[in-house]
Amino acid sequence: MDFKLIEDKWQRIWAENKNLYKADDKSDKPKVYVLNEFPYPSGSGLHVGHAFSFTGGDIYARFMRMRGNNVLYPMGWDAFGLPTENYAIKMKRKPQEVTKENTDNFRNQMKKLAFSFDWEREINTTDPQYYKWTQWIFIKLFEAGLAYKKEMPINWCPSCKIGLANEEVVDGKCERCGSEVSRRNISQWVVKITKYADRLIDGLKDTSFIDKVKQAQINWIGKSEGAKIRFQISDVRSQIKELEVFTTRPDTLSGATFMVVAPEHELINGIIDNYELRITNEEREKIQEYVKQARKKSEMERTELNKEKTGVFSGLYAINPINNKEIPIWISDFVLVSYGTGAIMSVPAHDERDKEFAQKFNLPIINVYDDEKKVNVAEEVKKAIELIINKGIGEGASSYHLRDWIFSRQHYWGEPIPMINCPKCGWVTEKEENLPIVLPEVEAYEPTDDGLSPLSRIESFVNCTCPKCGGVAKRETDTMPNWAGSDWYFMRYCDPHNNKELASFDTLKKWLPVNVYIGGDEHNTLHLLYSRFIHQFLYDLKVVPTPEPYAVRMSHGVILGPDNNRMSKSKGNVIVPETVADKYGVDVVRMYMMFMGPFEGTMAWNENTLMGVKRFLDRFEKYIINQINNKSASNDDCNLVINKLIFGLTKDINEFGYNTAIAKLMGGLNDLEKIKIDKNSIEVLLKLLAPFAPYITEELWSQTGNNNSIHSTSWPVAQEKYLIDEVVKLPVAINGKVRDQLTVTSEQLRVKENVVAMAKELENVKKWLVGKTIIKEIYVEGKMINLVVKG
RNA sequence: GCCGCUGUGGUGAAAUUGGUAUACACGCCAGACUUAAAAUCUUGUGGUAGCAAUACCGUGUGGGUUCGAUUCCCGCCAGCGGCACCA
């Protein structure tokens with residue numbers, strides 16, 4: 001059959017059948033919410049990674065639907081972002097138009113690949129009716145004190161002219177364009193995700209993510225436990241009298257022989273400006289120079305380039321609170337102002353970095369323990385914290401690797417941040433009834449040279465009245481990061497057309513949590529963490545009914561190019577799913593991708609193996625067509641094969657074991673070609689293949705005389721009695737080595753004595769027993785027999 | 001350096017509450033059909049020895065537990081992914 005004709009035909013018919021894949025808010029059937037990460041609709045169209053991931057989700061959704069569930073399987077567009085903006089700048093086109101073209105293209109490609117999305121729930125993060133609620137969430141964050149404006153050094157990409165989060169800097173370079181990142185001070189909106197750090201760790205207990213994903217989240221949050229300890233500064237002329245440090249090893253306090261503060265530490269400003277301190281001008285200049293150099297470097301450079309420690313003495317001394325010894329305070333860029341308190345106590349005897357520093361600058365090294373390996377550190381730390389609390393010099397504390405989330409972007413193509421700066425009232429939220437704050441159309445999309453968003457050039461946008469006092473005020477011109485639209489989209493799918501709330505509590509209660517969330521490994525930390533944070537925050541506001549958004553996280557693998565490298569345009573190894581589908585048909589492409597290997601695995605594209613799948617589908621089709629007028633009665637041989645298939649497929653699909661499910665289908669066809677099949681079994685066979693190959697099965701289903709869609713039929717149930725073999729071949733081993741096989745009936749294999757006795761009579765077994773004594777007879781029912789012999 | 005993962009035929013891979021290792025597919029060999037080729041179909045295909053029955057070896061590597069280990073434990077080697085002066 002011509003697959004193109006079939007594909008066109010069924011695409012048309014399915015499009016008319018609006019209820020085929022509809023998720024029903026009112027149904028009494030059990031709900032299943034299957035979610036694929038929604039894509040960024042790029043100009044180059046759907047790539048293999050998308051096709052692979054969505055096929056995996058689609059098979060599961062189709063399977064769950066056939067199993068009698070009310071399935072929510074939605075799709076949408078994470079459409080804000082730099083590539084579209086850059087394209088718009090280059091081509092002098094509106095990002096809105098470009099996005100429309102790209103999403104239209106993506107939608108058509110998805111329909112062609114037969115993904116069973118409920119298109120009535122399609123969402124788009126760039127739709128004002130959608131980002132109205134993204135803005136609303138920001139207002140709630142601000143009201144809860146979780147969003148604040150802060151002048152802070154940020155990673156600055158000179159090429160994109162944008163501030164980057166630490167997470168967006170890879171190897172000191174901009175994640176998107178690869179330019180070297182420098183540092184720059186900009187006033188930014190920052191979201192206090194750190195306040196939820198503990199909750200984000202604890203909440204994992206309520207999910208069934210695989211350990212790998214949980215561990216990735218825990219590591220990213222990076223909780224360390226220890227103590228904060230206060231050191232007095234001995235120079236009376238210093239305005240700052242106290243230096244607080246965080247340490248995981250408070251038990252080594254008596255070995256602290258110096259302190260180190262980050263160059264950005266507030267203490268340093270005091271030194272440079274305070275001319276009464278007992279340091280020479282020369283020393284002051286040295287400090288100034290060091291701080292200046294350190295500030296120029298990005299954090300990445302500082303950490304990367306630091307093969308050798310650098311630093312300068314600050315001229316100040318602190319008092320070690322445990323022994324009242326005066327110890328010097330040094331400045332070094334290996335201490336990060338953004339971690340802990342930005343200052344450390346240095347214990348060179350028990351810390352490698354401190355040791356290196358001490359050796360370079362000739363600072364004393366004092367051992368706390370003769371042999372640290374023999375010490376129960378956890379126990380000593382516990383005792384030390386008690387002591388520190390009793391002495392009133394500090395308290396137990398934890399610190400996190402996780403940092404607050406920089407939420408401002410100086411770009412056009414993002415959600416406007418709904419904040420207004422009033423000279424009298426300060427930062428004020430926009431009134432909710434004025435949302436959405438719609439992105440105005442502008443002439444040019446480039447950020448300004450001083451790094452401001454192009455929105456800052458639109459006076460009618462910037463100038464506004466203060467929602468609080470009614471005075472003249474100015475609107476924020478920064479926009480939100482990509483993550484903002486994607487961290488709550490799964491809520492909107494539950495109630496996508498609601499214009500009163502982001503989603504009604506009732507529909508959220510109906511659908512949440514997401515039963516299976518399918519996405520890439522690369523989103524196991526950032527996107528997953530951000531969206532869990534927003535979800536937890538909204539849970540606290542009683543907007544959502546569940547503490548966690550996702551029950552199970554499924555992270556799919558990667559498809560490499562035929563050359564075993566990651567697909568990229570520069571390597572010329574990109575496989576376009578649409579092209580392959582045009583050549584072999586959609587069903588072949590879908591099945592091949594699922595047959596390549598385990599769904600979570602990394603594997604290379606190989607068109608030879610694809611031919612195997614194509615052959616199978618051709619043979620399958622021929623087989624069914626030959627059976628169309630089949631009137632045979634059911635028979636046991638066929639029932640055994642079919643019921644084992646039902647059982648095996650049901651189990652495999654449930655566990656995303658698509659490669660083995662397809663292997664079983666292939667094996668099943670091999671078996672069936674040798675025996676007689678009846679009409680009912682033919683229909684079962686078609687149903688089993690339906691989630692994988694929706695076009696061919698639908699066509700054959702209609703050719704075998706059915707008027708309904710195979711995709712709205714119910715999944716077959718295996719009959720127990722056909723799952724047990726009447727006759728079983730048991731391996732018989734002597735001392736663990738298999739020597740023969742014993743054929744027994746399912747009745748016979750229940751009695752150990754009989755089975756063992758029969759085994760001993762086998763020719764090959766007898767041979768091995770000559771002159772030996774049996775010392776042990778092991779029989780695992782239905783599995784195997786092992787005779788342990790001696791002599 | 002730290003965290004996580006992986007290692008099975010010529011290739012992609014199956015099999016783990018410990019029970020016949022290599023299912024399914026690719027490739028390859030031989031055969032059928034064909035003037036021929038492609039396509040299709042049939043058979044074979046872990047290694048060594050043997051006409052064969054069969055025997056021995058075999059899941060990165062060295063040990064251990066066990067009647068029995070691809071599966072569990074310990075050490076090592078190789079590769080992949082992530083993080084990295086985090087106090």
As a test of reading the structure: which of [options] is closest to the side chain of [X], going by heavy atoms?
{"X": "N786(A)", "options": "rG19(B), rU54(B), rA25(B)", "value": "rG19(B)"}
{"X": "L336(A)", "options": "rC86(B), rC83(B), rC24(B)", "value": "rC86(B)"}
{"X": "V780(A)", "options": "rC67(B), rG19(B), rA13(B)", "value": "rG19(B)"}
{"X": "Q215(A)", "options": "rC67(B), rC83(B), rG4(B)", "value": "rG4(B)"}
{"X": "R619(A)", "options": "rC24(B), rA87(B), rC41(B)", "value": "rC41(B)"}
{"X": "F246(A)", "options": "rC26(B), rC57(B), rA87(B)", "value": "rA87(B)"}
{"X": "R353(A)", "options": "rA55(B), rG19(B), rA87(B)", "value": "rA87(B)"}
{"X": "R615(A)", "options": "rC67(B), rU20(B), rC26(B)", "value": "rC26(B)"}
{"X": "I778(A)", "options": "rA13(B), rA87(B), rG19(B)", "value": "rG19(B)"}
{"X": "R403(A)", "options": "rU20(B), rC86(B), rG19(B)", "value": "rC86(B)"}

[N]: pairing nucleotide in any strand, Watson-Crick or G-U under 3.5 angstrom:
{"N": "rU6(B)", "value": "rA78(B)"}
{"N": "rG18(B)", "value": "none"}
{"N": "rA69(B)", "value": "none"}
{"N": "rA55(B)", "value": "rU48(B)"}
{"N": "rC41(B)", "value": "rG31(B)"}

Between [M] and [N], how far apart are the [atom1] atoms? Round to whole Å, please.
{"N": "rA30(B)", "M": "rG79(B)", "atom1": "C1'", "value": "38 Å"}
{"N": "rC86(B)", "M": "rC80(B)", "atom1": "P", "value": "25 Å"}
{"N": "rU71(B)", "M": "rU22(B)", "atom1": "C1'", "value": "15 Å"}
{"N": "rA84(B)", "M": "rG1(B)", "atom1": "C1'", "value": "8 Å"}
{"N": "rA52(B)", "M": "rU35(B)", "atom1": "P", "value": "37 Å"}
{"N": "rA37(B)", "M": "rC56(B)", "atom1": "P", "value": "45 Å"}
{"N": "rC28(B)", "M": "rG81(B)", "atom1": "C1'", "value": "35 Å"}
{"N": "rG46(B)", "M": "rG9(B)", "atom1": "C1'", "value": "5 Å"}

Would you indicate, yes or no, if [N] has its OP1 or OP2 atom less than 4.0 angstrom from a side-chain nitrogen or oxygen of [X]?
{"X": "K212(A)", "N": "rG4(B)", "value": "no"}
{"X": "T602(A)", "N": "rG81(B)", "value": "no"}
{"X": "R739(A)", "N": "rA55(B)", "value": "yes"}
{"X": "W768(A)", "N": "rA55(B)", "value": "yes"}

Using distance alone, with no hydrogens and no angle criterion, decide if [X] and [Y] have a side-chain donor and acceptor under 3.5 Å apart.
{"X": "Y400(A)", "Y": "S224(A)", "result": "no"}
{"X": "E607(A)", "Y": "Y584(A)", "result": "yes"}
{"X": "Y369(A)", "Y": "D251(A)", "result": "yes"}
{"X": "H556(A)", "Y": "E600(A)", "result": "no"}
{"X": "N654(A)", "Y": "K651(A)", "result": "no"}

Whole angstrom value for the distance that separates [atom2] of [N] from [atom1] of [X]:
{"X": "M603(A)", "N": "rU11(B)", "atom1": "CE", "atom2": "P", "result": "18 Å"}
{"X": "E600(A)", "N": "rG81(B)", "atom1": "CD", "atom2": "C1'", "result": "15 Å"}
{"X": "I662(A)", "N": "rA14(B)", "atom1": "CD1", "atom2": "C1'", "result": "14 Å"}
{"X": "E356(A)", "N": "rA87(B)", "atom1": "CD", "atom2": "C1'", "result": "14 Å"}
{"X": "E352(A)", "N": "rC2(B)", "atom1": "CD", "atom2": "P", "result": "12 Å"}
{"X": "F595(A)", "N": "rA25(B)", "atom1": "CZ", "atom2": "P", "result": "7 Å"}
{"X": "K737(A)", "N": "rU66(B)", "atom1": "NZ", "atom2": "P", "result": "19 Å"}
{"X": "W220(A)", "N": "rC83(B)", "atom1": "CH2", "atom2": "C1'", "result": "8 Å"}

Is it true that atom [atom1] of [X] has more than 12 heavy atoms of other residues, nucleotides or ligands lying nearer than 6.0 Å?
{"X": "K644(A)", "atom1": "NZ", "answer": "yes"}
{"X": "F647(A)", "atom1": "CZ", "answer": "no"}
{"X": "R619(A)", "atom1": "CZ", "answer": "yes"}

Is rG31(B) in the syn or the anti form, by the rule that syn lies within 90° of 0?
-> anti

Would you say the side chain of N608(A) and the base of rC26(B) hold a donor-acceptor pair, judged only by whether the two atoms sit under 3.5 Å apart?
-> no

Answer with base, sugar-phosphate or nothing: what part of the nucleic acid does N659(A) contact at a heavy-atom distance below 4.0 Å?
-> sugar-phosphate

When all nucleic acid strands are considered with a 4.0 Å heavy-atom cut-off, which category describes N670(A): base, sugar-phosphate, or nothing?
-> sugar-phosphate

